[in-house]
Amino acid sequence: MSSPAVFVAVILVIASLICPSLSQICSSQKFTNNKVYTRCSDLPVLKSFLHWTYDADNSTLSVAFVAPPDKPDGWIAWAINPNAPGMVGAQTLFAFKNSKGEMVVKTYDISSYSSIKESSKLWFDVKETAAEFSGGLMRLFATLVIPEKGKTTLNHVWQVGPSVADGSPEKHGFQPANLNSKGTFDLLSGESKISASGDARVNRKNIHGILNAISWGFLFPVGIIIARYMRTFQSADPAWFYLHISCQCSAYVIGVAGWATGLKLGSESKGITYDVHLNIGIALFCLATLQVFALLLRPKKDHKYRFYWNIYHHGVGYTMLILSLVNVFKGLDILDPATKWRSAYIGILVVLGVIALLLEVVTWIVVLKKKSNKSTKPYDG
């Protein structure tokens, strides 16, 4: 064997030893208890594997679920949902380390995303459980009794998480792999199918995030910067006004589209609630609509009510600016995109902030210069 080939072979062996979850397939896995299962499946996401043996006469299902947790102190979970595909209603087995560092298995009935309660009573009976952690992989073993004899096709869900607090698993990530970790499998044939709805929903969430980031997170602040600083320069009048209106109206139209997609996502995900993000979104929509109608009632410059209209318009505008930036970051926390996207948006805000700061200095210089010229020539005109 040539030297390069030997080198590549050594690297592959070392990689398989350091990160076994990347090199294994379910059929190559061995268990320390020498347990052998009749069927196995390489699950399509989260680098997970499922092994099982089904005894149709006793309606008994022995399973071994294998996956790498997000972090060493994290958790893994496998569940059967007797009613529908997805997490809500899933009868779940969680494996994680307890406070003593020992691997334990606990059972949860997940009635909703906001209600994850430990329960000893599940849709199926649990005869025995065990768990272990080695080589970067957690292994969950269980023997279940399926109550519906003859039911061979099951909805199953699997998941991994980063941490455990007070003896309970904390929320998992919301990356596409986490959202697509559900499907069906046939106990007898071994056929496994992933749910097709996950990708479409992730795409809708991404569209919702992009629309709102462009509208409330970018166009709206730019429109405020234009109105505050460009009108200081006489040469920019009335161009600044039309640019301001264009930015804010575009932000409103795009923002309403993003708001509508958010409501649609909420109606499709009854078990998932993000109350703060939702309430801020509703407040932004209402305030933006008021601003649009206020534009139609804008008094002329010399009208006696123009001063009060300006106070209202500016107050609502700056309130919306704060709420919009807060809600964009709330949305980023929910979507949990790659770090580069959050960094890119923060970079855009920093650039806008520096531009605003420089324009603030220039504006004050211009304003003070105008006042100075007026005070030195009181007789002028």
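If you're wondering where the values come from, they're calculated on a predicted model, not measured in any experiment. The first residue in the sequence is number 1, and the count goes up from there.
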Keeping [X] on the side-chain end and [Y] on the backbone end, is there a donor-acceptor pair under 3.5 Å?
X      : Y      : result
Glu132 : Leu140 : no
Trp240 : Ser235 : no
Ser181 : Asn178 : yes
Asp186 : Leu188 : yes
Arg204 : Leu265 : no

Qualifying side chain to side chain donor-acceptor pair (under 3.5 Å) pairs, either residue in [range], two or more places apart:
range            : answer
residues 349-368 : Arg228-Glu360, Tyr229-Glu360, Glu360-Trp364
residues 81-96   : Gln91-Asp109
residues 314-324 : none

> Can we call the ring centroids of Phe220 and Tyr252 under 6.0 Å apart?
Replying inline: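 They do not qualify: ring centres at least 6.0 Å apart.
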> Looking at the rings of Phe31 and Phe141, which for Trp means the six-membered one, are their centres under 6.0 Å apart?
Replying inline: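 Phe31 vs Phe141: aromatic centres under 6.0 Å.
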>> I want to check a possible cation-pi pair here: Lys106 against Tyr108, using under 6.0 Å from ring centre and within 45° of the ring axis as the test.
In response: no
>> Assess the residue pair Trp52 and Phe185 against the criterion (ring-ring contact (aromatic ring centres under 6.0 Å, His included)); give the C-alpha distance rounded to whole Å, side-chain angles, the decisive distance to 0.1 Å, and a yes or no.
In response: CA-CA 11 Å; Trp52 74 93; Phe185 74 109; 5.0 Å; yes
> Which other residues end up in the same hydrophobic cluster as Tyr308, if Ile, Leu, Val, Met, Phe, Trp and Tyr are linked when side-chain heavy atoms come under 4.5 Å apart?
Replying inline: Tyr305, Phe307, Ile311
>> Test of understanding: with side-chain hydrogen bond (donor to acceptor under 3.5 Å, both in side chains), list the residues that count as partners of Thr261, not counting sequence neighbours.
In response: His208
Please output the side-chain donor-acceptor pairs of residues 62-76 that fall under 3.5 Å, not counting sequence neighbours, one pair per line with the distance.
residue, atom, partner, partner atom, Å
Trp75, NE1, Ser163, O, 3.3
Trp75, NE1, Glu170, O, 3.0

> Considering only heavy atoms from C-beta outward, does the side chain of His51 approach that of Gln29 to under 4.5 Å?
Replying inline: yes
>> Checking side-chain polar atoms at under 3.5 Å, does Ser134 have a donor or acceptor matched by the opposite partner on Arg139?
In response: yes
>> For Asp275, is there an ion pair with Lys330 - N to carboxylate O distance below 4.0 angstrom?
In response: no
